[in-house]
Asker: 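Mind having a look at this structure? Questions to follow.
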Amino acid sequence: MPALLIVMGIKFIDAVAGQYQYRPGLWSGGRRRKLLKKSYVKEITPRSENYSQWYSDVVLKAELMDYAPVKGCMAIRPYGYAIWEKLQERLDRRIKETGHQNAYFPLFIPQNLLQKEADHVAGFAPEVALVTKGGDEVLGEPLVIRPTSEAIICDFYSRWIQSWRDLPVLINQWCNVVRWEKSTRPFLRTSEFLWQEGHTCHRTSEEAEEEARKMLAVYKEFIETELAIPVLDGQKTEREKFAGALRTYTVEALMSDGRALQAGTSHNLGQHFARVFDITFLDRDDQLKHVWQTSWGVSTRLIGALIMVHGDDRGLIIPPRVAPTQVVVVPIISKKRRAEVLEAAKGVEAELSRQGIRVHLDDREEYSPGWKFNQWEMKGVPIRLELGPRDLDNRQVLLVRRHDDFREALPLHELAARLPRLLEEAQQSLFDKAKRFLEQNSYHCTDYQEFTGKVEEKRGLFLSPWCGDPECELRVKDDTRATIRCIPFDGPPAEGRCLVCDRPAKYQVYFGRSY
RNA sequence: CGGGGCGUAGCGCAGUUUGGCAGCGCACUUGGUUUGGGACCAAGGGGUCGCCGGUUCAAAUCCGGCCGCCCCGACCA
């Protein structure tokens, strides 16, 4: 085995009980090497041992969040919030490029407003938080803390819209919402979370449909490009759609434990809300008509997806485009050459920074290099540069990639020119890997026996024929806990017989267990 | 909401069976030596043992009640 690998030009280092033996001179000449074995930190439970525990360990140890004294609530710590800010920045740009403006609507919603739309209230009633007192005063009408803002925004829209000339209304808001959840998990399902919600009004049904589809496409492109997470796009079934919507579209991602996660949704609301909130306009033909609406949102849940799609047993792996820190420089400080090394490290930091790379110099002297390596790996920084006396002598820096642990000694003068490319490669490589995982864990399945067995055994996503009857959908859920994630846009045409009831299939749908 | 587990220093835990000075590791502070995969030595600081009540000369430990967190389910856009 070692002989074979040396032939391939790769050198190995013994990894004994999670520690390397350092072999001088190995880094020179731009050679690469690979680790035999990795057991770095014991603070993170291996995924294979307990996936939920792994997830908890990662969010805490990477300092993304901390638990609040209130169940289901959390502080998003600076490092976690920095990731959120990156996501916001990238998505906000896209929302504006497609013609939307940001605005802000109130947190409190009079209870009667929320209750106007029948399906909407039925869907959200079990999970609304209600304010009944302000100070000493018992409120005449209780106030709902927004679980979503359709109701309050529609109340404003009914006043703002009179003419077809006022349309379309294209507004987005970034805010927090509250849903009283029974079981909560950091980022994936919290009682309070951050998100954006777009709310638009249109003159025609076609325009609204186009908007709903367009924003779903924006989500797909955003999530795939920036978060390096491949998603399946499609439509939700009646059972799974948004409470009050005509149709719901969704992008679904597959986590590394084989469970699906709804990463973003876009709703064609039809005229359901316009009718009950009386949002009307006088059209060109002098007729008073109800507007056609959409709403769409993604949340801090995306951070959960990021963790579960890319993370490994050493912690987070953040795609470079959304990484708060893209490159960390760790100087190897020795007593004799401390000043020299630090100066060189600062030079590297400054040069990369000039290139627009988000670089951090970790020059803390109270921690050993090894400690820093582990910490930054837990935090998922894409690239680490090690710079020590030996590197100085060789005018080089040792580069280590987080996502595949490849190491390479780079000449100092080439560094700035090569890093942007290396970061892009890391981004692409993460996407490719996630895509491969999605493909390898997607199955075409037409036999119910086989289906129930495989769902239990392998998880993943199952493309199967479905007759369209909610009863069959429910039966699958009762039997297997899997739900229909979506009716894919670009799926194969319906053919064959329903997975459950054997009647002719109307759709090919993706089934899966989900978060 | 059901089943299971756990609450002792910032974190991880021992001590609870059999009541008797509240401990260990990490982290933290100070000084020194170090620094290429979680360095070492020395000296320190830090506690309402989840909360309330009961038994007892004496409770982290026994009894009753409550609260919270985690895991597995149920529920949930």
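Bear in mind that the values here come from a model prediction, so they are computed numbers and not experimental data. A, B, ... follow the sequence lines: proteins, then strands. Residue 1 opens every chain.
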Asker: Would you give me the side-chain donor-acceptor pairs under 3.5 Å for residues 115-124 of chain A, sequence neighbours excluded?
Answerer:
unit_1	atom_1	unit_2	atom_2	d
A:Glu117	OE1	A:Asp119	N	3.1
A:Glu117	OE1	A:His120	N	2.8
A:His120	ND1	A:Ala243	O	3.0

Asker: For residues 193-200 of chain A, which side-chain N or O atoms pair as donor and acceptor with protein atoms under 3.5 Å away, sequence neighbours left out?
Answerer:
unit_1	atom_1	unit_2	atom_2	d
A:Gln196	OE1	A:Tyr219	OH	2.5
A:Gln196	OE1	A:Val298	N	2.9
A:Gln196	NE2	A:Asn172	OD1	2.7
A:Glu197	OE1	A:Ser149	N	2.9
A:Glu197	OE1	A:His199	NE2	2.8
A:Glu197	OE2	A:Ser149	OG	2.6
A:Glu197	OE2	A:Gln173	NE2	3.0
A:Thr200	OG1	A:His202	NE2	2.7
A:Thr200	OG1	A:Thr294	OG1	2.5

Asker: Sequence neighbours excluded, which residues qualify as side chain to side chain contact (heavy atoms under 4.5 Å, CB included) partners of A:Asp362?
Answerer: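 Here the qualifying residues are A:Val328, A:His360, A:Arg364, A:Lys372, A:Trp376.
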Asker: So, using ring pair (Phe, Tyr, Trp, His ring centres under 6.0 Å) as the criterion, who are the partners of A:Phe489 when residues are at least two apart?
Answerer: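 Ring pair (Phe, Tyr, Trp, His ring centres under 6.0 Å) check on A:Phe489 returns A:Tyr249.
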Asker: Nucleotide by nucleotide, 5' to 3', does protein get under 4.0 Å of the base (B), only the sugar-phosphate (S), or neither (-) in nucleotides 3-9 of chain B, counting heavy atoms?
Answerer: -------
Asker: Taking only nitrogen or oxygen atoms into account, show me every contact under 3.5 Å that the protein makes with nucleotides 28-35 of chain B, one pair per line with its distance.
Answerer:
unit_1	atom_1	unit_2	atom_2	d
B:rU34	OP2	A:Lys335	NZ	3.1
B:rU35	O2'	A:Ile333	O	2.9
B:rU35	N1	A:Ile333	O	3.4

Asker: Test for a donor-acceptor pair under 3.5 Å between the base of B:rG36 and the side chain of A:Arg407, counting only N and O atoms.
Answerer: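 Between B:rG36 and A:Arg407, which were checked side chain against base, a qualifying N/O pair under 3.5 Å is absent.
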Asker: Of all residues at least two apart in sequence or in a different chain, which pass the ring pair (Phe, Tyr, Trp, His ring centres under 6.0 Å) check with A:Phe373?
Answerer: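 Partners of A:Phe373 under the ring pair (Phe, Tyr, Trp, His ring centres under 6.0 Å) test: none.
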Asker: Who are the side chain to side chain contact (heavy atoms under 4.5 Å, CB included) partners of A:Pro126, not counting sequence neighbours?
Answerer: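 In terms of side chain to side chain contact (heavy atoms under 4.5 Å, CB included), with neighbours along the sequence ignored, A:Pro126 is linked to no residue.
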Asker: Generate the contact string for nucleotides 66-73 of chain B. Rules: B means base contact, S means sugar-phosphate contact only, - means no protein heavy atom under 4.0 Å.
Answerer: ---SSSSS
Asker: When you match A:Leu392 and A:Lys61 each to their closest nucleotide on RNA chain B, which lands nearer the 5' end?
Answerer: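 First, find each residue's nearest nucleotide; the 5'-ward one identifies A:Lys61.
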Asker: List the residues meeting side chain to side chain contact (heavy atoms under 4.5 Å, CB included) with A:Leu342, not counting sequence neighbours, and say none if there are none.
Answerer: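 Listed in chain order: A:Pro331, A:Ile333, A:Arg338, A:Asp363, A:Glu365.
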Asker: For A:His272, which residues count as a ring pair (Phe, Tyr, Trp, His ring centres under 6.0 Å) partner, sequence neighbours excluded?
Answerer: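 By the ring pair (Phe, Tyr, Trp, His ring centres under 6.0 Å) rule, A:His272 matches no residue at all.
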Asker: Spell out yes or no: do the side chain of A:Arg179 and the base of B:rC76 have one donor N/O and one acceptor N/O closer than 3.5 Å?
Answerer: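 Absent.
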Asker: Name all pairs fulfilling the side-chain hydrogen bond (donor to acceptor under 3.5 Å, both in side chains) condition that reach into residues 253-264 of chain A, sequence neighbours left out, sorted by first residue then second.
Answerer: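 Pairs touching residues 253-264 of chain A that pass the test: A:Tyr51-A:Ser256, A:Lys236-A:Gln262, A:Asp257-A:Tyr515.
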Asker: Is the closest basic N to carboxylate O distance between A:Glu343 and A:Arg337 below 4.0 Å?
Answerer: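 Looking at A:Glu343 and A:Arg337, the cut-off is not met.
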